[in-house]
Student: 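Please read through the structure below; I'll follow up with questions.
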Amino acid sequence: MVGVVEPEAPAAGFPVPADLLTFDEACTRVLDFLEQQVPLGFWAITSRVDGRQLYLHVRDAAYGKGPGDWHGWSESFCRHMVVGDAPRIAPDAMAVPRYAAAGVARELPVGAYVGVPIRGGDGRLFGTLCGLDPRVQPAELERHGPVLELLATLLGQVLAAEHLRAQADAREAALRWRTLHDDLTGLANRAMFLDRLTHALELHRRDRRPLAVLSIDIDDFRAVNDALGHAGGDELLTRVAERLRGVVGAGDTLARLGSDQFAVLVERGDRGPAQPHLLALAERAVAAMADHFTLAGRQVGVGVSVGVAEVAAEDDSPAPTAVLAHADVALDAAKRAGKGRMSLYRPSMRLPQARDLHLRDPLRRALARGEVRTVFQPIVELATGRVTGLECLARWEHGGEEVGPEVFVPLAARSNLLPALTGTVLEQACEQLARWSRAGHGDVRVGVNVPPELLTDPAFPAAVGEHVQRHGLRPGQLVLEITEDALLRDLPAAQEVTGRLHEEGFKLSLDDFGTGYSSLLHLRSIPLDSVKIDRGFTADVDVCPRAQQFLRALLTLGRDLGLGVVVEGVERPAQAEVLRELGAVQAQGFLYGEPAAAGDLPPGELAGRSAPRSA
């Protein structure tokens, strides 16, 4: 027999250190070594799997076994060896009662047996290193015990190292995935999108391959996020991503760039006309949101707006950031056109932020210098044309040209100037109210729009009170017109602020009623005195029976809740006639007067005066 191989002095051919081997390589080296040093007719490295002893690596000159063969773990010699009720080395296996009674002994002629457990890095049993021979072996077989223990330990270390390598590889793969994908939706992220866009532009530069980018944004996502919480918002983002997957082509790259903005990279190998294809894709994206989403048990309807930037074969190759910027410009145009729309980029378009660069500082200076003025638009009683109130609106002229409120009000919001703008309007409205009051018209009410950030500011009621007290007015002469944006942003804070304003006597009116996300909830939650029905419900009320039905429902709701109702956007006599038939009481619009300076509204005519252009 071969003598003992001491662990500290391995013989030639002994396996190399575990960290340089795979488990399969280590098994091969171990069995090569044992075949040379311990001449049994059968050697195997096995694994215990689902109640079986599975042969992984086999050297068999006695029984005809091979890798993949197995027998029941309960029938094996190795089971008894592992639990310790039979020895690890048995030169005469049949002299050991447990081995003699094992199922393997009934199947195979076994003279000698050796076996040691193989355990992984966590100490759990993986399998065994075992050997058999049909012949009984000399007692010196037991002298190989230390070498077998060493080899089993080596295999266990290799298993542990391989497991750690697998974990590291999995972590690295997960990290690589996360650097290129969005965790929430599983789509490509901005980094991957920019990488693919850069590659597409290189192909355009080299081969004149056309491409396009679609920038897609969820309309009113913030309202949903605020109403349903971040979990509801995340679910919406996931569901929108699923629908967008269904409309993009197999070769297109769909990505989530951040928040509620998605993008699609469309690469086309031919040089044919792409615009119809791109517009059709954008329209499919918009149409995919037609069906409502069910979120947290609620039906929620949202749309998307799409901006398209095309790089045709004949175009110069722009930078990736330029293509994205063009798509965002087109997206902004779609949003401003009414949302739920698509728009194709044209060089004449500019982002609001680009306009901001040359208007922001002039607006800030104009507010500081008192150069923003106010105008007043009458609110009339439909039955008589009598003026019942006025809305105070801001106007601004820069460089000799009028800058529309649709430009400078959003600019003020983006530039953190809305508080200053609102303060200017409040001061001028109160100043004019004081003049009218001194002239004997103390019953006049003037409405002022309040931005969302002020309606959740605990200091706002005191600030409004200072304006009123300074000009000797009653709080009830001022109507604060609010929108649902503030309520969706932070309803508890808005309830506290509106509650204080109501207690102090200010009148509150909900503007753009009917267009918000959850108006009924907010009507119940805050102390309103009136609502203003958005002009969108009035535009075709004189020609569309469906529009009349909606408007009738809104008017009835307002009356049943005990609220004053003002219908905005009345421009034609036919609209006014229908509104009177529907039971509307008050209206506002160009039919009764365009916004005008206070000097064009003589105080003597305010009490009981008729509108300038009566229906």
Side-chain angles (χ1 to χ4, degrees), residues 219-220 223 290 292 299 301-303 335-341 375-393 404-406 445 447 449 479 481-485 507-523 528-596 609-615:
D219 297 330
D220 301 318
H292 280 53
Q299 293 291 309
V302 299
K335 290 275 192 184
R336 286 185 283 112
K339 303 180 182 179
R341 300 169 183 255
V375 293
F376 298 83
Q377 186 175 30
I379 299 169
V380 306
E381 188 178 74
L382 271 167
T384 63
R386 183 178 65 89
V387 175
T388 59
L390 303 105
E391 181 177 1
C392 185
L393 302 165
E406 74 281 0
R445 290 181 180 174
N449 290 287
V479 180
E481 298 187 8
I482 64 179
T483 64
E484 279 193 285
D485 292 351
K507 301 298 181 181
L508 298 176
S509 179
L510 183 64
D511 202 6
D512 300 333
F513 177 58
T515 63
Y517 184 72
S518 51
S519 296
L520 293 179
L521 172 64
H522 300 146
L523 284 174
L528 291 172
D529 298 284
S530 61
V531 295
K532 299 183 79 173
I533 295 178
D534 184 72
R535 66 185 65 249
F537 292 97
T538 315
D540 56 352
V541 72
D542 53 339
V543 294
C544 178
R546 184 71 168 164
Q548 295 175 18
Q549 292 175 350
F550 273 96
L551 200 50
R552 180 183 289 109
L554 291 174
L555 290 167
T556 301
L557 177 62
R559 284 195 300 268
D560 289 348
L561 293 173
L563 299 173
V565 180
V566 178
V567 182
E568 296 182 299
V570 183
E571 300 179 355
R572 299 184 298 274
Q575 291 172 313
E577 183 62 31
V578 171
L579 291 176
R580 280 192 288 267
E581 293 173 358
L582 293 176
V585 176
Q586 298 180 88
Q588 179 179 353
F590 289 168
L591 179 64
Y592 305 107
E594 297 184 9
R609 75 184 281 264
S610 296
R613 285 181 280 172
S614 175

Student: Would you list the atom pairs, donor with acceptor, under 3.5 Å between side chains in residues 547-555 and any protein atom, with sequence neighbours excluded?
Tutor:
unit_1: Gln548; atom_1: NE2; unit_2: Val541; atom_2: O; d: 3.0
unit_1: Gln549; atom_1: OE1; unit_2: Arg546; atom_2: NH1; d: 3.3

Student: Applying side chain to side chain contact (heavy atoms under 4.5 Å, CB included) to Ile482 and Leu510, what does each step give before you reach the verdict?
Tutor: CA-CA 5 Å; Ile482 64 179; Leu510 183 64; 4.2 Å; yes

Student: Closest approach of Leu591 and Ala576, non-hydrogen atoms and distance?
Tutor: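 Shortest heavy-atom contact: CD2-CB, 3.9 Å.
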
Student: Answer yes or no: is there a donor N or O on one side and an acceptor on the other, between the side chain of Asp511 and the main chain of Glu481, under 3.5 Å?
Tutor: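 No.
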
Student: May I ask you to test the Val565-Val585 pair for a side-chain heavy-atom distance under 4.5 Å?
Tutor: no

Student: Using modelled atom types only, decide if a donor and an acceptor are shared between the side chain of Asp529 and the backbone of Ser509 within a distance under 3.5 Å.
Tutor: no

Student: If you compare all heavy atoms of Asn449 against all heavy atoms of Cys392, which two are closest, and at what distance to 0.1 Å?
Tutor: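 Looks like ND2-O, 4.4 Å.
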
Student: Could you go through Gln575 and Val567, starting from their C-alpha distance and side-chain angles, then the distance that decides it, and tell me whether this counts as side chain to side chain contact (heavy atoms under 4.5 Å, CB included)?
Tutor: CA-CA 10 Å; Gln575 291 172 313; Val567 182; over 6 Å; no

Student: Where do Phe537 and Glu568 land on the side chain to side chain contact (heavy atoms under 4.5 Å, CB included) test, with the steps shown first?
Tutor: CA-CA 9 Å; Phe537 292 97; Glu568 296 182 299; over 6 Å; no

Student: Identify the two heavy atoms, one from Gln588 and one from Pro378, that lie closest to each other, and give their separation to 0.1 Å.
Tutor: CG-O, 3.6 Å

Student: Could you tell me whether the side chain of Gln377 reaches within less than 4.5 Å of the side chain of Val375, counting heavy atoms only?
Tutor: no

Student: Could you tell me the separation between the CZ atom of Arg341 and the CG atom of Asp219, rounded to the nearest 0.5 Å?
Tutor: 10.5 Å

Student: Rounded to the nearest 0.5 Å, what separates atom CZ in Arg535 from atom CZ in Phe590?
Tutor: 7.0 Å

Student: Identify which one of Ile379, Val479, Ile533 satisfies the side-chain contact (heavy atoms from CB on, under 4.5 Å) criterion when paired with Val566.
Tutor: Ile379

Student: Taking the side chain as every heavy atom from C-beta outward, state whether Asp542 and Arg572 have any atom pair closer than 4.5 Å.
Tutor: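 Counting from C-beta outward, Asp542 and Arg572 do come under 4.5 Å.
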
Student: Which atom pair, heavy atoms only, marks the closest approach of Leu528 to Val531?
Tutor: CD1-CG1, 4.4 Å

Student: What's the shortest heavy-atom distance between Pro595 and Leu393, and which atoms?
Tutor: CG-CD1, 3.8 Å

Student: So how far is it from Arg559 CZ to Leu561 CG, rounded to the nearest 0.5 Å?
Tutor: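 One gets 11.0 Å once the value is rounded to the nearest 0.5 Å.
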
